[in-house]
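Report on one structure; see the data block that follows.
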Amino acid sequence: MRTRALTKRILSQLRHDRRTMALVLFAPLLILSLLYFVLSGTGATYNVVIGEAPASVVQYLEDQDELSLRLIDVNGKKWRDGKSDAASYSDSVKEAVIDQEAVCGVIVSDDLKDIHLLIDATNSGDAAKVSSAVMKAIQDEIAVRREDALADLPFKVDMDEPDIERTYIYGKEDSNVFDSYGAALIGFIVFFFVFLIAGINFLTERTSGTLEKLLSTPIRRHEIVFGYVAGFSVLALIQTVLVTLFVIYVLDIEVAGSIWYVLLFNMLTAVCALSMGILISSLANSEFQMVQFIPIVVIPQVFLCGIFSLSRGWDIAGHFMPLYYTADGLQKVILRGAGFGDIWQDLAILLGFSLLFLLMTIRYMRRLRNW
Amino acid sequence: MDAIRIDHLYKKYGKKEALRDVSLTVPEGQIFGLIGPSGCGKTTLVKIACGILRADGGSVELFGQKMPSKDAVSHLGYMAQAAALYPTLSGRENLAFFGSMYGMKGAALREGIERVAALVDLTEDLGKRVDQYSGGMQQRLSLATALIHRPDLLILDEPTVGIDPVLRQDIWNELRALAGEGTTILITTHVMDEAEKCDTLAMMRDGEVLAIGSALNLIERAGTASFEEAFIAFGRKEEEK
């Protein structure tokens, strides 16, 4: 009864607080979109300086459709003719790479014997992608020439291509970084915003004196905590649905498992975040202090949640963090199409974390009253 | 039975003693004033009496029940020093929320809202958001939230600060009427002329009670011409000890 009144009050407050609503509902979409463009690499075009390369290699590069490359032919052949030695020639290509803000400069002799790549690895990921695309083009050309050479021999050499078969157990050949990390990042973003909003709201209850006023009424400690959980769960549910649908239908992440499990994981993560937010806000004395807790209790969870490969020690540390189970569960559902049998442990642990945080909050409020 | 019985109360904030051996009793139906400068421990005392704060020593009983007690606080209305309201909610939503904290609902809650709103002259403004209220209006709404469940005991922490004189007069008339109906009122103030409107007064300084009695009685005992001079005289006596 009192819990319901408190829930109703929180929902009215949220309804009137347009800015908070906008933050909770739309900021996650903005951040996920940005992450999508950054991690999936869509839209980025990389410059490649062609110092010298056989036309067929350049053709391969132009034809490949994995990366968007802009080939800049500096017409190196003309420079080279007779004039300078190899060293000063590669210096010129190096300058061109720098001038053109290219990722890679290519010098390949006509006989394919001398191959020199000049790579700007400021962004090592980009450098790896681009240089491997260049190498693939060169190797394709090498393979073709080898075959031609073999065909010209007076006797027949039987050299079958090796039969390479790749079976993708999980994921697909064209999976990008966003597909791999995105699953876990959805959970993190839900966690972050709910943690912050619930924590700060509960804190405001204390700093504005309304908690004291509330404590002068017969309301019980657990009624306060559960009222908060119920109120913010409604907000979390709306946010979760919005984020999940956005990721699936707008960003086009492919969910191998059931969307309902994705929703369930996000919802439990939100409940966990809000119970943790309420607990942490009990330790803060101001909104600023609440924000100071973010680098301590939220950010490390991202690094330790299991999306990065970690040494054993750090991996064990990650097991003590709720986001570990969110990331694990979401990856299982989204990337591997896991069913309930594979994820119930993650769900149970998340629920356990939420209950633990809530009990700790109720326990902590004993300082204030004993019913 | 006494509405409030406070026995040898002690409270420390770190090293600072906020209350030192405070004892007093408030009989039912009285307006009891706690008077003293800011920082004398009035607010600490009323917070402990309301069960919001834990004392380090001593005890508080409301209507014979040892605090903190869930049963006792349901007969208690508390108005905090700073208007403890939800600024983004309307006046009506604020009243409805605090009313439901005391288990009020339906028609009783609606009638309660109308009654206390009329009492503090906010009937017209109930639909407005509280952050659009003036300071005085917020103060009045805050008083209304303490009255909504018709408490037997009203604890008010500086309720008339920042309220214009006409309205202050109205509020005092209202408090007097409530006391007439048997409501016990514990009120803190640092305004000397307000003190004289109380039935009984406790003068406080530095966490201690200097003297307790009616305004006239205190003036007589101090042998001074005014209440303000009496306060100074009792303070001096304490220093000599």
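Protein chains get the first letters and strands the later ones, always in sequence-line order, with residue 1 at the start of each.
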Checking [X] against chain B: side chain, backbone, both or neither under 4.5 Å from a heavy atom?
| X | result |
| --- | --- |
| R15(A) | side chain |
| E205(A) | side chain |
| L6(A) | both |

Atom NZ of K12(B) with >12 non-hydrogen neighbours under 6.0 angstrom: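 No, NZ of K12(B) has 12 or fewer neighbouring heavy atoms, counting only those of other groups under 6.0 Å.
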Side chain, backbone, both or neither: which part of [X] has a non-hydrogen atom closer than 4.5 Å to chain A?
| X | result |
| --- | --- |
| M104(B) | backbone |
| L85(B) | backbone |
| A146(B) | both |

Closer than 4.0 angstrom, basic N to acidic O: yes or no for D206(B) and K16(B)?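 No.
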Which residue out of T210(A), L211(A), L215(A) racks up the most heavy-atom pairs below 4.5 Å with chain B?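 The option with the most such pairs is T210(A).
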Heavy-atom pairs under 4.5 Å with chain B: which of R2(A), R9(A), R4(A) has the most?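 Option with the greatest count: R9(A).
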Find the distance between CG (L237(A)) and CG (L263(A)) and round it off to the nearest 0.5 Å.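 Answer for the CG-CG pair, L237(A) versus L263(A), is 8.0 Å.
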Do K47(B) and T43(B) have side-chain heavy atoms sitting under 4.5 Å apart?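 In contact.
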For D121(B), is there any backbone N or O sitting under 3.5 Å from a side-chain donor or acceptor partner on R140(B)?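 Indeed, once roles are kept as given, a pair shorter than 3.5 Å links the two residues.
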May I ask you to decide if the ring planes of Y228(A) and F202(A) are parallel, tilted or perpendicular, using 30° and 60° as cut-offs?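 The rings of Y228(A) and F202(A) stand perpendicular, inter-plane angle above 60°.
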